[in-house]
Amino acid sequence: MLKASCKLDCRAVEAMEAALYELAPSNWYVIENRLNGNGFLEGVFENQEEMQLAVKELESVSPIRLDLSQGLRTERLEDRDWKEAYKHHFQAWTVGNFHCIPIWEKESYEIPENEIGFYLDPGMAFGTGNHETTKLCLESLVDLSSEGGKVDPTGKSLIDLGCGSGIIAITAKLLGYDRVDGIDLDPDAARISSENAALNAIDGIHFRACGIDQFEKTDCYDVVVANIQTDVLQNLSEEILTLANKRGTVILSGILKKEVKELERHFLELLSVRKMDAQVEVKNLNEWSLLGIKLR
Ligand SMILES: C[S@@+](CC[C@H](N)C(=O)[O-])C[C@H]1O[C@@H](n2cnc3c(N)ncnc32)[C@H](O)[C@@H]1O
């Protein structure tokens, strides 16, 4: 195993996080020093060839020129180190009274009385909840579906498009949604999502390896969540809207703040062509935005 790393200044950290989001899932990750904003890009690979390919792929989506071939340091890793590496980047977090806990903290983490905890082993799939785009989705979903929210999840349905680790679908099931489905282009993500549901003894979520455009719906959903990058959301906007019920809610994330106005305009135009009325809201967290569409 090989570990590659290079230093990033604060401007590069932000740009690299956006590039990695576009590339996800990948073996790269960014470690940021929260005090000065600088950081490191790191990646772990089977061998030199795999690393070279990953460097090329990363350079193709990176908006800034990073001379990876010059600044990149490599070191050999024991197999054991590699299997543990991703664990450093997943910390327990809470939204509302939900606690998302790394499975390796199961014994040590104390869930406060009357609050709900679930365990996750994301492996290489995206979705620890530590990323802003996932946080925005989960906060919206919990706000929408908890007491006082607009949707009482009892008897309601939700689909998680691009389910990654399954974190959104699992939270939905714990919130009380009745029918929950999750799909992901990446077969590993669909498998990891099912494993994470089993880890929490949650039955009844149907995870499938399939792209949004290949998904054959049997019915519409009360809530559609898609945390995928902006160009995919825009290209598949017809398919995404078609999955929502007449009075359904669509939660779109994975959008850079600078892209949200254009995506909002695109969806409003599509809604108007379809003669559909909706209330649209934007939420921001750091450089990321969420677009919420409540059909009416
Ligand atoms: C940023 S991750 C989101 C993971 C998780 N839902 C979360 O919120 O943390 C995006 C996921 O979407 C999947 N994906 C990308 N394009 C897709 C498509 N066209 N159809 C289905 N899944 C897709 C990727 O494989 C990846 O697992």
Side-chain angles (χ1 to χ4, degrees), residues 16-30 57 61 86 89-91 93 95 98 100 102 118 120-142 158-175 177 180-197 205-217 221 223-243 250-256 259 263 283 285-292:
M16 195 51 79
E17 277 187 332
L20 290 190
Y21 184 83
E22 200 171 320
L23 215 60
S26 83
N27 290 18
W28 295 109
Y29 48 89
V30 168
E57 191 184 27
V61 293
Y86 73 97
H89 309 287
F90 178 16
Q91 264 105 47
W93 61 274
V95 52
F98 286 87
C100 178
F118 63 96
L120 214 66
D121 188 346
M124 292 314 291
F126 189 103
T128 58
N130 292 154
H131 197 276
E132 285 93 333
T133 58
T134 315
K135 275 194 184 144
L136 280 164
C137 280
L138 291 168
E139 279 167 13
S140 272
L141 186 62
V142 170
L158 176 143
I159 185 159
D160 177 6
L161 302 174
C163 54
S165 64
I167 187 168
I168 291 172
I170 290 171
T171 308
K173 199 70 186 170
L174 291 171
L175 276 163
Y177 282 85
V180 179
D181 289 335
I183 64 167
D184 202 295
L185 258 187
D186 176 6
D188 281 338
R191 174 185 53 78
I192 288 170
S193 291
S194 298
E195 287 170 4
N196 278 320
I205 309 181
H206 195 187
F207 289 110
R208 246 169 287 185
C210 137
I212 296 172
D213 49 343
Q214 299 135 13
F215 181 66
E216 284 180 29
K217 68 165 186 175
Y221 296 84
V223 180
V224 177
V225 185
N227 177 11
I228 312 184
Q229 74 227 34
T230 304
D231 57 334
V232 177
L233 298 175
Q234 181 150 343
N235 292 338
L236 297 175
S237 50
E238 297 256 6
E239 288 84 346
I240 293 171
L241 272 188
T242 306
L243 286 169
V250 180
I251 296 173
L252 304 173
S253 187
I255 309 157
L256 283 167
E259 299 166 338
L263 191 69
K283 290 181 182 168
L285 184 59
N286 300 329
E287 74 264 34
W288 297 94
S289 294
L290 172 143
L291 187 62

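Note that the structure is a prediction, hence the values are computed from the model and not measured. All ligand and atom numbering here is 1-based and tracks the order in the structure.
The shortest separation from a heavy atom of Ile212 to ligand 1 is under 4.0 Å, placing the residue in contact. Every heavy atom of Asp213 sits 4.0 Å or more from the atoms of ligand 1.
At least one side-chain heavy atom of Ile183 sits less than 4.5 Å from a side-chain heavy atom of Ile212. Side-chain atoms of Ile170 and Leu120, non-hydrogen and from C-beta on, do get closer than 4.5 Å to each other.
Proximity to Gly211 (heavy-atom distance under 4.0 Å) selects the following atoms of ligand 1: 20 (N), 21 (C). For ligand 1 and Thr134, the ligand atoms under 4.0 Å from any heavy atom of the residue are 7 (C), 8 (O), 9 (O). Against a heavy-atom cut-off of under 4.0 Å, Gly164 is close to the following atoms of ligand 1: 4 (C), 27 (O).
One side chain, Lys283 or Ser140, offers a donor N or O that lies under 3.5 Å from an acceptor on the other. Inspection of the Thr133 and Asn227 side chains reveals an N or O donor paired with an N or O acceptor under 3.5 Å.
Residue Leu236 touches ligand 1 through its side chain alone, judged by heavy-atom distances below 4.0 Å. At a heavy-atom cutoff of 4.0 Å, ligand 1 is contacted by the backbone of Cys163 but not by its side chain. Contact annotation for Leu185 and ligand 1: heavy atoms of both the backbone and the side chain come within less than 4.0 Å of the ligand. When heavy-atom distances to ligand 1 are checked against a 4.0 Å cut-off, Cys210 comes that close only through its backbone atoms N, CA, C and O.
Ile228 CG2, 3.7 Å is the protein heavy atom nearest to atom 15 (C) of ligand 1. Looking only at heavy atoms of the protein, atom 10 (C) of ligand 1 is closest to Asn227 O, 3.2 Å. The shortest contact between atom 24 (C) of ligand 1 and any protein heavy atom is with Asp184 OD1, 3.4 Å.
By the 3.5 Å distance cut-off applied to N or O atoms, Tyr21 is not counted among the residues near ligand 1. Backbone and side-chain nitrogen or oxygen atoms of Gly162 are examined, and one is located within less than 3.5 angstrom of a nitrogen or oxygen of ligand 1. Residue Asp186 places no N or O, backbone or side chain, under 3.5 Å from any N or O of ligand 1. At a 3.5 angstrom cut-off on N or O pairs, Ala189 does not count as close to ligand 1.
Remark: the backbone N or O of Thr242 is paired with a side-chain donor or acceptor of Lys217 at under 3.5 angstrom. Without hydrogens or angle criteria, Asn196 side chain to Asp121 main chain gives a donor-acceptor distance under 3.5 Å. Asp181 places no side-chain N or O within donor-acceptor distance of the main-chain N or O of Ile159, the cut-off being under 3.5 Å.
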request  = Test side-chain contact (heavy atoms from CB on, under 4.5 Å) on Leu141 and Leu158 and set out the steps.
outcome  = CA-CA 10 Å; Leu141 186 62; Leu158 176 143; 3.6 Å; yes
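Between Tyr21 and Trp288, the ring planes lie tilted relative to each other; the angle falls in the 30° to 60° range.
Ile240 contributes atom CD1, which lies 10.0 Å from atom CG of Asp213 (distance to the nearest 0.5 angstrom).
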